[in-house]
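Written out below as structure tokens is the structure these notes cover.
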Amino acid sequence: MITLFFVLLLSVNSSVNAFAPSARLSFFTSRISAGGFEWEDPENVFDQGVENPFKNPSLTDGENGLKIDPARLLGPRLSGSNLYFIGMMGSGKSAVGSVVAKRMGSYTFLDTDDIIEKATKMTIPEIFDQEGETAFREVEGQILDSVHAYVRCVISTGGGIVERMENWSKLQTGIVVWLDATPELIIERLEKNNGTENRPLLQTENPKQTLEELLEKRKAKYGQADVTICIDSADTDEDKVADMVIRELHDFIDENPPAWKQAKAKAQADGLDWVQ
């Protein structure tokens, strides 16, 4: 069985450090005092005054729609939180994740499968063939354990990463996006890209049936994602899916404000002054 923790860690570091300025959080904060105590004002630290562009009339142009790419406004609203893409093989996690990261501008894209192949100097099929799925899942978990320590990353994960419960503690440090593509669409995509020969788990007599069984096995776990994007048409390319992801993320942030913001809103509703 392969033991690659230190090699993998170095590989992750080199992948992220290429974008070091965007991979680490740094804030210029002010301090406030009340009741004899002093601390950083969470509003100055985390709230950069950026609203949901889809709900902000000042960011729209009557003729051309939004004046600014809404993806650019995700970074400030996420406050450094990572985005994790999960879903079945062939659902478009890498393609869509890469588009989202590029459009955001301030986030780094990482693909856990790509990192594994670079670190081991083996393809995913070779790892499955020579070491087995269990060894691959262990390496995959080590990669996730390393990358989740970084911030401002869009991370595409392997389809089976949800099968290990210990991985969820890492995924849930960020926002999890499930690309829910139908088995029919996935098979159609795979057939256009070298078939199923590079998909170790689909080396069966009936790949479509195998895919359906895998999806059924993982569906409840995929369903724990924060955002679900349903993809059932071949006409929905990565750019269209990225648009859907970006809009849903803005709405998710609106619906799930940070705890300090909820506390502030409650204090104001109760007629109490926020810390001055």
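Basis for what follows: all heavy atoms, side chains included, without hydrogens, waters or symmetry-related copies.
- In this structure, Y150 and N82 approach most closely via the heavy-atom pair O-ND2, 2.7 Å.
- Counting heavy atoms of neighbouring residues, nucleotides and ligands inside a 6.0 Å radius, atom CD of Q130 exceeds 12 of them.
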Exercise. Go through the steps for L211 and I187 under the test side chain to side chain contact (heavy atoms under 4.5 Å, CB included), then give the verdict.
Key: CA-CA 8 Å; L211 195 65; I187 289 295; 3.9 Å; yes

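- For E212, the salt bridge (charged side-chain N to carboxylate O under 4.0 Å, His left out) partners are K208, not counting sequence neighbours.
- Separation of atoms NE2 (H148) and SG (C153) is listed at 12.0 Å; rounding is to 0.5 Å.
- The two residues F128 and P200 come nearest to each other via the heavy atoms CG-CB, 3.6 Å.
- Legend: residues meeting salt bridge (charged side-chain N to carboxylate O under 4.0 Å, His left out) with D254, ordered by chain and number and at least two apart, are K55, R77.
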Practice problem: Begin from the C-alpha positions of L202 and M89 and carry the test side chain to side chain contact (heavy atoms under 4.5 Å, CB included) through to its verdict. | Solution: CA-CA 10 Å; L202 296 185; M89 64 187 85; 3.5 Å; yes

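- Inter-residue side-chain proximity for E51 and L73 is flagged as unmet; no heavy-atom pair is nearer than 4.5 Å.
- For the pair K118 and D113, the salt-bridge criterion is not met [side-chain N within less than 4.0 Å of a carboxylate O].
- Y222 is listed as a side-chain neighbour of L215, based on a closest heavy-atom distance under 4.5 Å.
- A continuous path of hydrophobic side-chain contacts links V154 to L74 [ILVMFWY only; heavy atoms under 4.5 Å].
- For H250, the ring-ring contact (aromatic ring centres under 6.0 Å, His included) partners at least two apart in sequence or on another chain are F54.
- The salt bridge (charged side-chain N to carboxylate O under 4.0 Å, His left out) analysis of residues 217-235, with sequence neighbours excluded, yields the pairs E163-K217, E163-R218.
- Considering all non-hydrogen atoms of both residues, E238 and A95 come closest at CB-CB, 4.1 Å.
- Distance check: F136 CZ to L201 CG gives 9.0 Å after rounding to the nearest 0.5 Å.
- In terms of the salt bridge (charged side-chain N to carboxylate O under 4.0 Å, His left out) criterion, R189 has no residue partners (sequence neighbours excluded).
- In terms of heavy-atom proximity, R137 sits nearest to G160 at NH1-CA, 3.6 Å.
- Side-chain atoms of N167 never come within 3.5 Å of backbone atoms of V162 as a donor-acceptor pair (strictly under, hydrogens ignored).
- Nearest heavy atoms, K93 versus T157: CE-O, 2.6 Å.
- When the side chains of ILVMFWY residues are joined at heavy-atom separations under 4.5 Å, either directly or via intervening members, F85 and M104 end up in a single hydrophobic cluster.
- Using a 3.5 Å distance cut-off with no hydrogens or angles, the side chains of T210 and T204 do pair a donor with an acceptor.
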Quiz prompt | From CA spacing to verdict: side chain to side chain contact (heavy atoms under 4.5 Å, CB included), I229, V227 | solution = CA-CA 7 Å; I229 304 296; V227 172; 3.9 Å; yes

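- Counting only N and O atoms by type, the side chains of Q209 and E213 include a donor and acceptor under 3.5 Å apart.
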Name the atoms and distances for all side-chain donor-acceptor pairs under 3.5 Å in residues 176-183, with sequence neighbours left out.
unit_1 : atom_1 : unit_2 : atom_2 : d
T182   : OG1    : L185   : N      : 3.2

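- Nearest heavy atom pair, residue F109 against residue A101, reads CB-CB, 3.7 Å.
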